[in-house]
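Values below: every heavy atom of this structure, side chains too, minus hydrogens, waters and symmetry copies. Just so you know, these numbers come straight off a predicted model, no measurement behind them.
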Amino acid sequence: MITQELNNKILPRIPSLDGLRAIAILLVVFGHGLPSFYAWAGIQPNAIVGWFDKGHTGVTIFFVLSGYLITRLIRSELESTSAFNIIKFYVRRALRIFPAFYAFVGVVGVLVAIGVVRHSFLDVFLASVHLFNYRILSISWNPAAANEAFSSSSWYLGHTWTLALEQQYYLLWPLAILVLGLRRSRWLAILVLILSPVLRVATHFLLPGWRGHTGIMLPWAADSLILGSLAGLCAHREKFEKYWSDVDTLVFVVGDFLFLCFLSPLASKTLGGGYNLLLAPSLNSLVVLHAVLWFSRHPSCIAGKLLNSSTAKWFGSLSYSLYLWQQLYLVPAGLLGHWSQGQRTLKAL
């Protein structure tokens with residue numbers, strides 16, 4: 001988080017930001033909580049309810065916001081002071097993220113040690129060094145790594161893949177801007193957007209063992225972050241604003257909602273891997289980006305007022321903590337027996 005002085009001088013607070021974070025965390029918790037609900041209610045997964053599982057949309061919102069904010073900060077600092085202190089940036093980032101993150105990982109490590117949580121210590125280590133999204137590479141030492149991030153073998157730390165992806169991006173993207181400058185960084189962002197879908201498809205065929213994993217690794221999953229960053233580089237420039245004026249209407253916002261809730265899931269179901277690998281990450285991210293920019297520019301509309309209400313701001317300010325700790329409470333059916341045993345172990349202690 002930037003200092004208050006810099007925030008006031010260079011980067012005014014963006015309207016609707018915390019409200020959008022509140023929506024994102026609600027979508028993620030609802031999506032992650034569905035398996036727990038099914039297990040608790042003793043019912044089979046319902047296709048109708050599953051249709052509205054938008055956990056990944058919540059993650060996309062977080063990524064788009066992250067890319068946009070980090071780049072907006074760097075650009076504002078460069079344009080206002082003609083310099084960017086990358087060391088101070090990393091320090092601010094660490095002070096904001098690391099204390100809560102390592103508190104969570106430490107608690108999980110203790111729970112693993114006393115047998116309450118089922119995980120390998122290698123998983124705890126990978127999470128602690130922000131490499132959980134590359135867990136598949138540890139398969140020779142950690143056979144459970146062949147499973148996807150939210151299998152029962154990786155549930156409690158599975159969500160740290162998003163934090164790992166962000167940390168890797170936050171490490172590399174500021175360096176790229178520092179080396180290339182703002183103008184050439186725009187071209188780099190466009191190049192990454194073009195290459196990411198191609199890389200996903202190529203990896204699908206050339207490395208079949210990685211299927212189900214490339215969606216959580218850089219650079220295969222950079223679409224949301226890089227699109228947000230590209231917007232941070234281009235927003236408020238004359239050419240960008242000219243194009244933005246053509247889509248700055250409520251009709252397009254309604255279209256965003258319809259696309260994310262109905263059209264994209266329908267395309268995913270009917271077209272399968274071709275759509276999911278090649279188009280879905282970029283299209284979904286682009287639609288989310290449009291909604292984010294629209295609500296940040298129209299805080300006085302009805303939805304904008306809700307997003308900027310004190311309740312939404314408060315809930316959004318808690319989004320990081322909620323995201324970290326949710327996994328300990330949203331336990332899927334495959335782990336309920338072990339979780340009950342773990343609770344008995346805790347009581348015995």
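- The backbone N or O of Lys242 lies less than 3.5 Å from a partner atom in the side chain of Ser245, making a donor-acceptor pair.
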Chi angles and distances behind the side chain to side chain contact (heavy atoms under 4.5 Å, CB included) call for Val253, Phe295
CA-CA 9 Å; Val253 179; Phe295 283 115; 3.8 Å; yes
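- Considering Phe132, Tyr134, Trp161 in turn, Trp161 is the only one that fulfils the side chain to side chain contact (heavy atoms under 4.5 Å, CB included) rule with Ile216.
- Minimum interatomic distance between Thr160 and Ala127 (heavy atoms only, all atoms of both residues): OG1-CB, 3.8 Å.
- Cluster annotation: Trp187 is not connected to Leu195 through the hydrophobic network of ILVMFWY side chains, with a link wherever side-chain heavy atoms come within less than 4.5 Å.
- What you find for Phe84 and Leu78 is that their closest heavy atoms are CB-CD2, 3.6 Å.
- Scanning for side chain to side chain donor-acceptor pair (under 3.5 Å) contacts around His290 gives Asp256, with sequence neighbours left out.
- With a 4.5 Å cut-off on side-chain heavy atoms, Leu283 and Tyr275 count as touching.
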side-chain hydrogen bond (donor to acceptor under 3.5 Å, both in side chains) between Tyr169 and Ser229: does it pass, once the steps are laid out?
CA-CA 11 Å; Tyr169 186 81; Ser229 294; 2.6 Å; yes
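- Between Ser309 and Lys305, the closest side-chain pair of non-hydrogen atoms is not below 4.5 Å.
- The CD1 atom of Ile177 lies 9.0 Å from the CG atom of Leu188; values are rounded to the nearest 0.5 Å.
- Contact between His130 and Gln167 at its shortest, heavy atoms only, is ND1-CG, 3.5 Å.
- A donor-acceptor pair under 3.5 Å is formed between the side chain of Ser76 and the backbone N or O of Arg72.
- With sequence neighbours left out, the side chain to side chain donor-acceptor pair (under 3.5 Å) criterion links Thr60 to no other residue.
- Atom CZ of Phe240 is surrounded by more than 12 heavy atoms from other residues, nucleotides or ligands within 6.0 Å.
- Separating the OG atom in Ser321 from the CD1 atom in Ile25 is a distance of 9.5 Å, to the nearest 0.5 Å.
- Proximity of Glu79 to Leu182: side-chain heavy atoms (C-beta onward) are separated by under 4.5 Å at one or more points.
- Nearest heavy-atom pair, Ile136 versus Gly209, reported as atom, atom and distance to 0.1 Å: CD1-O, 3.9 Å.
- Of the possible polar contacts, one joining the Ser120 side chain to the Asp123 backbone as a donor-acceptor pair under 3.5 Å is found.
- Residue Ser185 forms a side chain to side chain contact (heavy atoms under 4.5 Å, CB included) with just one option from Leu233, Leu230, Ile74, Leu178, and that option is Leu233.
- Residues Trp173 and Leu191 do not share a hydrophobic cluster, defined by chaining ILVMFWY side chains whose heavy atoms lie under 4.5 Å apart.
- Hydrophobic cluster membership differs between Leu172 and Leu131, with clusters built from Ile, Leu, Val, Met, Phe, Trp and Tyr side chains linked at under 4.5 angstrom.
- Side chains of His32 and Gln326: a donor on one and an acceptor on the other come within 3.5 Å.
- Residues Leu227 and Val198 fall into different hydrophobic clusters, defined by Ile, Leu, Val, Met, Phe, Trp and Tyr side chains chained together at heavy-atom separations under 4.5 Å.
- Note that the OH atom of Tyr102 and the CG atom of Leu324 stand 12.0 Å from one another [nearest 0.5 Å].
- Cluster membership check: Leu193 does not share its hydrophobic cluster with Tyr243, using side-chain heavy-atom separations under 4.5 Å among Ile, Leu, Val, Met, Phe, Trp and Tyr.
- Counting heavy atoms from C-beta outward, Tyr170 and Ser66 have side chains that approach closer than 4.5 Å.
- Gln327 places no side-chain N or O within donor-acceptor distance of the main-chain N or O of Leu157, the cut-off being under 3.5 Å.
- When the side chain to side chain donor-acceptor pair (under 3.5 Å) test is applied to Arg184, no partner is found at least two apart in sequence or on another chain.
- Counting all heavy atoms, side chain and backbone alike, Ser196 lies closest to Ala222 at OG-CB, 4.3 Å.
- Put simply, CZ on Phe89 and CG on Leu171 are 9.5 Å apart, with the number rounded to the nearest 0.5 Å.
- Shortest non-hydrogen contact noted between Gly232 and Arg75 is O-NH1, 3.0 Å.
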Quick one: do Ile14 and Leu69 satisfy side chain to side chain contact (heavy atoms under 4.5 Å, CB included)? Show the steps, please.
CA-CA 9 Å; Ile14 302 173; Leu69 291 173; 3.3 Å; yes
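- The CG atom of Leu180 sits 10.5 Å away from the CG atom of Leu175 when rounded to the nearest 0.5 Å.
- Counting heavy atoms from C-beta outward, Ser282 and Pro197 have side chains that approach closer than 4.5 Å.
- Judged purely by distance below 3.5 Å, without hydrogens or angles, the side chains of Ser285 and Asp223 never pair a donor atom with an acceptor atom.
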Determine whether Asp248 and His298 satisfy the following criterion, side chain to side chain contact (heavy atoms under 4.5 Å, CB included), listing intermediate values before the conclusion.
CA-CA 10 Å; Asp248 189 19; His298 297 275; 2.7 Å; yes
Give the intermediate values and the outcome of salt bridge (charged side-chain N to carboxylate O under 4.0 Å, His left out) for residues Glu166 and Arg96.
CA-CA 13 Å; Glu166 275 198 345; Arg96 179 173 180 261; over 6 Å; no
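- Phe63 is not listed as a side-chain neighbour of Leu289, based on a closest heavy-atom distance of 4.5 Å or more.
- Here the side chain of Trp294 pairs no donor or acceptor atom with the backbone of Val247 at under 3.5 angstrom.
- Between Val28 and His159, every side-chain heavy-atom pair lies at or beyond the 4.5 Å cut-off.
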Could you go through the side chain to side chain contact (heavy atoms under 4.5 Å, CB included) check for Leu293 and Tyr68 one step at a time?
CA-CA 10 Å; Leu293 292 178; Tyr68 180 62; 3.9 Å; yes
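- In this structure, the separation between NE2 on His119 and CG on Leu126 is 10.5 Å, given to the nearest 0.5 Å.
- Side-chain contact of Tyr323 with Thr162: a donor-acceptor pair under 3.5 Å is present, judged by distance alone.
- The closest side-chain heavy-atom distance from Asn308 to Lys313 is below 4.5 Å.
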